[in-house]
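One structure below.
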Number of protein chains: 2
Amino acid sequence: MFVSITTDHRSLINSLSELGISSGSNPIVSLSEFTYKKGKTIYIESEPAEYVYQVRKGAVRTCKLLSDGRRQIGAFHLPGDIFGLENGGVHRFRAEAIIQTAVRLIRRQHLETVAENDAVVWRTLLSLTTNNLQHAEDHMLLLERKTALERVAAFLHEMDERLTAADVISLPMSRRDIADYLGLTVETVSRAVSQLHTDGVLDFIGNTQREIVILDRQRLASLDLQS
Amino acid sequence: MFVSITTDHRSLINSLSELGISSGSNPIVSLSEFTYKKGKTIYIESEPAEYVYQVRKGAVRTCKLLSDGRRQIGAFHLPGDIFGLENGGVHRFRAEAIIQTAVRLIRRQHLETVAENDAVVWRTLLSLTTNNLQHAEDHMLLLERKTALERVAAFLHEMDERLTAADVISLPMSRRDIADYLGLTVETVSRAVSQLHTDGVLDFIGNTQREIVILDRQRLASLDLQS
DNA sequence: CGACATATTGATATCCATCAAACCGGGTGG
DNA sequence: CCACCCGGTTTGATGGATATCAATATGTCG
């Protein structure tokens with residue numbers, strides 16, 4: 001049920017590169033790189049959205065904080081993903097590096113200028129936003145109508161699809177991050193994972209609890225029920 | 001916390017009209033009207049998205065059905081609102097008329113053609129999609145982190161803002177619709193409304209339970225906590 | 001008026017949050 | 001190298017919010 005955001009996102013910076021605005025006249029301003037240490041903030045809510053980012057390495061979470069301390073994670077961004085694209089010119093979420101993370105960034109201003117006369121860029125921007133929308137819609141369904149076990153299964157299913165590189169799912173985010181993403185508590189997430197373990201759906205690798213192997217993809221997918 | 005989707009949406013068809021594609025050469029094909037009786041389906045999931053709609057009168061719900069019968073309502077669309085705009089060419093939700101409803105519709109194809117060379121249309125499309133995204137994000141927050149009373153308060157607050165016409169909020173949708181929008185059951189919604197009533201936050205008008213007057217806007221807003 | 005849908009209210013069950021404690025791995029400093 | 005601490009995780013016990021089940025009330029439409 002989760003959208004592969006990655007696919008189309010890659011194409012933005014690619015297409016921008018093709019358009020010659022990337023490493024053209026001024027590579028430092030127009031398309032530069034930056035790294036963030038674990039836990040560091042990339043931007044905060046209501047900050048002017050000066051840049052659009054692409055994850056090159058690591059992982060990023062975008063989240064909101066409520067007045068009473070509750071936290072909502074809207075999405076996780078993995079290598080290849082684009083984030084920080086806003087329409088109103090102001091960030092509606094806060095972005096933080098979950099682990100050591102490297103990003104590429106483009107001045108928003110450049111996009112606007114180039115887009116003005118180019119349908120390809122417009123189409124790409126719209127496509128990116130639509131993918132975000134689709135992810136949000138799927139996530140709404142999860143939050144509205146699914147049990148704790150179904151949510152965790154859906155999360156693992158999503159990660160399994162997005163981290164297809166290896167057999168082992170190496171989760172960069174903590175149980176707390178997962179809980180805040182799924183609208184659950186740490187304890188409930190832990191219990192759900194444990195149950196999936198004892199049910200033989202997954203297994204742990206190594207001594208840390210963040211390296212997971214899916215043993216029974218079919219059962220996992222059956223828990224992540226579709227619309 | 002809810003976005004006024006209406007504002008920017010009006011401008012799409014206005015700007016399209018200004019562009020001369022509305023009642024220009026072929027008014028019947030390019031910009032026509034249609035009415036749906038209460039409960040009638042406007043389009044279903046995975047149907048090709050041939051048209052974009054604007055509500056003129058009445059109310060529309062867009063929803064998804066899960067395999068086990070659970071239903072999620074993604075949004076309510078009131079007069080002025082645009083709905084049915086998809087990027088992938090296929091509807092991801094089902095749209096149904098809640099009450100007797102009149103819509104205007106535009107062929108998606110026309111948008112594409114005109115947009116191709118016109119930044120204004122692109123900007124409008126992007127803006128519409130961004131508004132939808134923002135609504136979805138706010139709704140995610142609600143579903144992830146709010147209690148039943150907070151959700152119902154947020155819903156009434158949203159409706160109060162969108163139906164500013166009169167003092168009386170005349171809800172077109174049933175308790176079931178509200179429940180499926182908020183991720184609650186009918187009973188819980190009913191109990192929450194009753195509590196707001198006994199607490200003196202709102203009052204009912206007439207003999208139906210769908211005509212509501214907000215007595216204490218401040219307290220209602222205080223329940224609809226912000227990020 | 002009667003039948004049916006919609007809404008409210010009540011009683012109970014269930015899932016998940018909360019509170020609490022133990023566990024584990026990694027880092028630090030003696 | 002080991003003792004200690006500390007953040008993250010797991011596991012257990014309990015309570016509470018909401019779902020579920022059931023009954024009543026109210027409104028609508030024929």
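The shown structure was predicted, so the numbers you read here are calculated from the model rather than taken from an experiment. Per chain, numbering begins at 1; letters A, B, ... match sequence-line order.
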### Query
Quick one: which of B/K57, B/R56, B/Q54 gives a side-chain hydrogen bond (donor to acceptor under 3.5 Å, both in side chains) with B/E33?
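With B/E33 as partner, B/K57, B/R56, B/Q54 yield a single side-chain hydrogen bond (donor to acceptor under 3.5 Å, both in side chains), made by B/R56.
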
What is the distance, to the nearest angstrom, from the [atom1] atom on [X] to the [atom2] atom on [N]?
X	N	atom1	atom2	value
B/R176	C/dT8	CZ	C1'	14 Å
A/H197	D/dT9	NE2	P	16 Å
B/E150	D/dT18	CD	C1'	14 Å
B/R145	D/dA17	CZ	P	16 Å
B/D180	D/dA19	CG	C1'	14 Å
B/R70	D/dA19	CZ	C1'	12 Å
A/L149	C/dT14	CG	C1'	15 Å
B/R151	D/dT18	CZ	C1'	10 Å

For [X], answer base if it contacts any base atom (sugar-phosphate contacts may also be present), sugar-phosphate if it contacts only those atoms, and nothing otherwise; contact means non-hydrogen atoms under 4.0 Å.
X	value
B/G39	nothing
A/S174	sugar-phosphate
B/R210	sugar-phosphate

### Task
Show the numbers, then the answer: is there a side chain to side chain contact (heavy atoms under 4.5 Å, CB included) between A/H197 and A/D203?
CA-CA 6 Å; A/H197 182 223; A/D203 202 359; 3.2 Å; yes

### Task
Determine: side-chain N/O of A/T188 to OP1/OP2 of C/dC16, distance under 4.0 Å, yes or no.
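Checking A/T188 against C/dC16: no side-chain N or O falls below 4.0 Å of OP1 or OP2.
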
### Query
How many angstroms lie between CG in A/D138 and CE in B/M140, if you round to the nearest 0.5 Å?
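Nearest 0.5 Å value for the CG-CE distance: 11.0 Å.
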
### Message
On DNA chain C, does the nearest nucleotide to B/R175 precede the nearest nucleotide to A/L184 from the 5' side, or the other way round? Give the residue.
### Response
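The residue whose closest nucleotide sits nearer the 5' end is B/R175.
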
### Task
Using heavy atoms to find the nearest nucleotide of DNA chain C for A/T147 and B/V186 separately, return the residue whose nucleotide is more 5′.
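First, find each residue's nearest nucleotide; the 5'-ward one identifies B/V186.
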
### Task
For side-chain hydrogen bond (donor to acceptor under 3.5 Å, both in side chains), just list the numbers for A/E86 and A/H91, CA-CA rounded to whole Å, side-chain angles, deciding distance to a tenth of an Å, and then say yes or no.
CA-CA 6 Å; A/E86 312 285 350; A/H91 288 299; 3.3 Å; yes

### Query
Regarding A/R145 and B/Q72, is there a side-chain donor-to-acceptor distance under 3.5 Å anywhere?
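There is no such pair between these side chains.
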
### Query
Could you go step by step and tell me if A/S32 and A/L105 meet the side chain to side chain contact (heavy atoms under 4.5 Å, CB included) rule?
CA-CA 6 Å; A/S32 57; A/L105 36 87; 3.0 Å; yes

Every protein N/O within reach of nucleotides 27-30 of chain D N/O, cut-off under 3.5 Å:
unit_1 : atom_1 : unit_2 : atom_2 : d
D/dG27 : OP1    : B/N207 : O      : 2.8

### Message
Pair A/H139, A/Y181 - check ring-ring contact (aromatic ring centres under 6.0 Å, His included), show working.
### Response
CA-CA 9 Å; A/H139 205 60; A/Y181 179 60; 4.3 Å; yes

### Query
Under 6.0 Å between ring centres, would you say that holds for A/F34 and A/Y53?
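Ring centres of A/Y53 and A/F34 not closer than 6.0 Å.
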
N/O to N/O distances under 3.5 Å, protein versus nucleotides 19-22 of chain C:
unit_1 : atom_1 : unit_2 : atom_2 : d
C/dC19 : N4     : A/E187 : OE2    : 3.1

### Task
Taking atom CZ of A/F204 as the centre, report whether more than 12 heavy atoms of other residues, nucleotides or ligands fall under 6.0 Å from it.
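Yes, enclosed.
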
